[in-house]
Amino acid sequence: MKRSFQRMAVFLLSLCLALSLWCPVLAAEGGRPFLLSPETEAAGGQSEAESETEVQTGTEGHTEAEVQPGAAGGEEAQPGASGGQQADLGITAHSAILMEASTGTVIYEKNADEALRPASITKIMTLILIFDAIRDGKIALGDQATTSAYAKSMGGSQVFLEEGESQTVETLIKCIVIASGNDAAVTMAEYIAGSESEFVRMMNERAKALGMTQTNFEDCCGLTDSATHLTSARDVAIMSRELITNYPEIENYSTIWMENMTHVTNKGSSEFCLSNTNKLLKMSNSFTVTGLKTGSTSLAKYCLSATAKKDGVELIAVVMAAPDYKVRFSEAASLLNYGFAGCRLFRDNDEAREPLPKLPVAMGVTPETALRYGGEFSYLGMNGEDFSAVERTVTLPESLTAPVTEGDIVGSLTYTLNGKTLGTVDILAAESVEPAGYGDYLKWMWEEMMLAE
């Protein structure tokens with residue numbers, strides 16, 4: 001019996017030594033992962049790029065075009081209609097831009113990068129930070145915020161909050177969105193950051209993170225006449241997009257035409273009517289207006305960031321330094337009508353996509369990992385494209401090598417139409433796979449031996 005155990009031990013040691021020589025071959029030939037040793041990864045691993053295979057759904061023999069960045073994720077704009085030619089829309093406002101919300105595609109622009117005074121459309125960034133704080137659990141809609149003497153002192157558009165008056169966060173959001181209340185904006189800035197100056201620092205930090213290159217905020221409401229409180233039409237569209245895509249609940253407030261709020265102070269209780277400054281809401285349009293924010297001062301003139309939806313497309317029209325009150329609304333409507341007339345949006349998500357296979361993993365504690373798509377795909381067509389002809393091509397390696405971390409990019413899904421690449425979506429590992437150790441290999445060899453008897 002003792003001799004049998006000794007022979008078994010010698011056999012196992014010899015087998016381990018032999019495996020250290022066989023592993024590179026086994027790895028290259030796609031052998032069972034339990035036969036591979038961690039030390040052989042560098043010596044025997046074939047690169048993922050060398051072993052890629054393509055799985056295409058759609059027309060056979062399709063030639064893949066160069067991938068265009070930005071079509072899938074939306075931060076980089078696609079060119080405008082007709083190869084980027086600018087339409088003549090008769091815009092008299094000094095600056096304007098039209099952007100599709102889901103992709104960030106710019107459809108029209110006029111002096112879009114010129115830094116101008118924004119007036120109360122500054123409050124779009126204030127609202128972003130308010131909703132950021134709600135999302136992060138720092139504040140809640142039902143919290144009570146108290147108005148300071150400084151907040152009460154704000155002039156311009158206001159809802160006449162009294163010093164010491166408390167209102168819920170939700171009521172103050174309505175005051176900001178509907179009535180453009182400067183006093184409400186400062187009250188919320190102080191509630192979130194302790195002071196308006198600290199809140200403004202946060203606004204500028206957030207703007208920088210969004211890539212708003214022409215923006216510098218000096219207050220949270222746009223009341224200042226400072227020559228360095230500036231932004232551009234493009235930057236306004238960027239922050240408008242951030243607000244409506246990350247916090248679609250803003251529509252619950254930006255579409256309110258009129259609503260009463262109640263002041264409760266030492267003087268007693270009184271009602272105050274909030275009336276929406278965005279008159280586009282009541283104009284006759286072929287699209288649905290969803291917001292967003294107006295602004296005007298003697299120096300900024302008349303500004304507007306207008307959002308609207310039609311046939312599954314959501315657009316953002318920004319007008320800055322319009323010559324009068326009515327022009328900002330009529331020209332925003334012209335921009336939106338132009339966009340909705342020519343735009344068609346292609347969307348694709350997991351409900352319409354083919355299920356992904358599991359991918360083999362060499363040298364891992366488990367032999368394979370599940371996969372998932374990295375998100376929804378959107379593409380804005382502006383030339384009457386027939387999206388029924390869109391082809392999808394899945395590109396994956398033959399296998400992965402442990403370790404694999406959940407969320408690792410392992411492949412791609414490419415969308416093409418008539419030989420043109422529309423964009424891509426990453427394919428990610430859906431679960432982690434740790435590298436196998438010697439104990440795992442010995443366990444698997446023993447199990448194989450037992451199964452062989």
Side-chain angles (χ1 to χ4, degrees), residues 70-81 87 89 96-109 112 121 123-125 127-128 131 177 210-212 233-257 276 278-294 303-320 328-329 331-349 351-352 375-385 387 415 422-423 425:
E75 295 307 323
E76 296 186 36
Q78 302 161 25
L89 302 183
I97 196 168
L98 179 65
M99 178 184 287
E100 194 278 320
S102 69
T103 62
T105 301
V106 174
I107 303 166
Y108 172 94
E109 61 184 272
I121 53 177
K123 295 184 178 83
I124 296 172
M125 181 58 74
L127 290 163
I128 290 174
F131 282 100
V177 178
L210 288 173
M212 296 168 59
R234 191 183 311 278
D235 285 359
V236 172
I238 289 171
M239 67 176 175
S240 299
R241 182 186 178 212
E242 176 75 3
L243 180 60
I244 65 175
T245 55
N246 283 346
Y247 304 111
E249 60 268 32
I250 187 64
E251 190 176 326
N252 298 333
Y253 307 106
S254 59
T255 54
I256 296 172
W257 179 241
N276 205 310
N278 183 7
K279 307 311 176 187
L280 201 60
L281 286 165
K282 285 298 183 181
M283 292 172 63
S284 179
N285 298 299
S286 62
F287 46 80
T288 301
V289 178
T290 58
L292 183 62
K293 192 70 198 74
T294 61
C303 305
L304 172 66
S305 177
T307 56
K309 295 177 180 178
K310 183 179 180 180
D311 299 331
V313 177
E314 186 167 19
L315 298 180
I316 302 164
V318 178
V319 173
M320 297 188 72
R328 63 175 168 183
F329 296 119
E331 294 193 349
S334 294
L335 288 167
L336 293 168
N337 278 319
Y338 170 71
F340 287 124
C343 295
R344 298 293 181 270
L345 188 65
F346 172 77
R347 291 181 183 270
D348 196 40
N349 54 35
E351 294 180 3
E376 183 181 87
F377 176 79
S378 297
Y379 178 84
L380 188 69
M382 294 175 283
N383 298 297
E385 292 90 342
F387 289 132
Y415 295 85
L422 306 183
V425 169

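Side-chain atoms are counted along with the backbone in the values below, which use heavy atoms only and exclude waters and symmetry mates.
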How close do [X] and [Y] get, heavy atom to heavy atom, and via which atoms?
X: N276; Y: I256; value: ND2-O, 2.7 Å
X: I128; Y: M239; value: CD1-O, 3.3 Å
X: A308; Y: T290; value: N-OG1, 3.6 Å
X: C343; Y: I107; value: SG-CD1, 3.4 Å
X: T307; Y: I316; value: CG2-CG1, 4.0 Å
X: A237; Y: I97; value: CB-CG2, 3.8 Å

Spacing of [atom1] belonging to [X] relative to [atom2] belonging to [Y], to within rounding of 0.5 Å:
X: L89; Y: E331; atom1: CG; atom2: CD; value: 9.5 Å
X: Y415; Y: S378; atom1: OH; atom2: OG; value: 9.5 Å
X: T105; Y: M382; atom1: OG1; atom2: CE; value: 5.5 Å
X: E351; Y: N349; atom1: CD; atom2: CG; value: 5.0 Å
X: L292; Y: S254; atom1: CG; atom2: OG; value: 6.0 Å
X: L335; Y: L98; atom1: CG; atom2: CG; value: 5.5 Å

Can you check whether [Y]'s main-chain N or O pairs, donor with acceptor, with [X]'s side chain at less than 3.5 Å?
X: N278; Y: L280; answer: yes
X: E385; Y: N383; answer: yes
X: N285; Y: F287; answer: no
X: D348; Y: F377; answer: no
X: R328; Y: C303; answer: yes
X: S305; Y: S240; answer: no

Those residues that, when tested against F329, pass ring pair (Phe, Tyr, Trp, His ring centres under 6.0 Å) (two or more places apart):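 F329 satisfies ring pair (Phe, Tyr, Trp, His ring centres under 6.0 Å) with Y325 once adjacent residues are dropped.
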Test ring pair (Phe, Tyr, Trp, His ring centres under 6.0 Å) applied to Y253 - qualifying residues, sequence neighbours left out: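 Y253: no ring pair (Phe, Tyr, Trp, His ring centres under 6.0 Å) contacts found.
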Show, in sequence, the C-alpha distance, side-chain angles and deciding distance for F340 and V313, and conclude whether the side chain to side chain contact (heavy atoms under 4.5 Å, CB included) test is met. CA-CA 8 Å; F340 287 124; V313 177; 4.1 Å; yes
Side-chain heavy-atom pair K293, L243 within 4.5 angstrom cut-off: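 No. Closest side-chain heavy atoms not under 4.5 Å.
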Full working for side chain to side chain contact (heavy atoms under 4.5 Å, CB included) between D235 and M125: CA-CA 11 Å; D235 285 359; M125 181 58 74; over 6 Å; no
Please lay out, stage by stage, how S102 and T245 fare under the test side chain to side chain contact (heavy atoms under 4.5 Å, CB included). CA-CA 7 Å; S102 69; T245 55; over 6 Å; no
Would you please test E100 and T103 for side-chain hydrogen bond (donor to acceptor under 3.5 Å, both in side chains) and show each step? CA-CA 6 Å; E100 194 278 320; T103 62; 2.6 Å; yes
Given side chain to side chain contact (heavy atoms under 4.5 Å, CB included), test I250 with V177 step by step and report yes or no. CA-CA 9 Å; I250 187 64; V177 178; 3.9 Å; yes
Which word best sums up how the rings of F346 and F387 line up, parallel for under 30°, tilted for 30 to 60°, or perpendicular for over 60°?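 Tilted: the ring planes of F346 and F387 meet at 30° to 60°.
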Would E376 and R347 pass as an ion pair if we require N to O under 4.0 Å?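 Yes, this pair counts.
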What's the verdict on salt bridge (charged side-chain N to carboxylate O under 4.0 Å, His left out) for E251 and K309, showing C-alpha distance, side-chain angles and the deciding distance? CA-CA 11 Å; E251 190 176 326; K309 295 177 180 178; 3.0 Å; yes
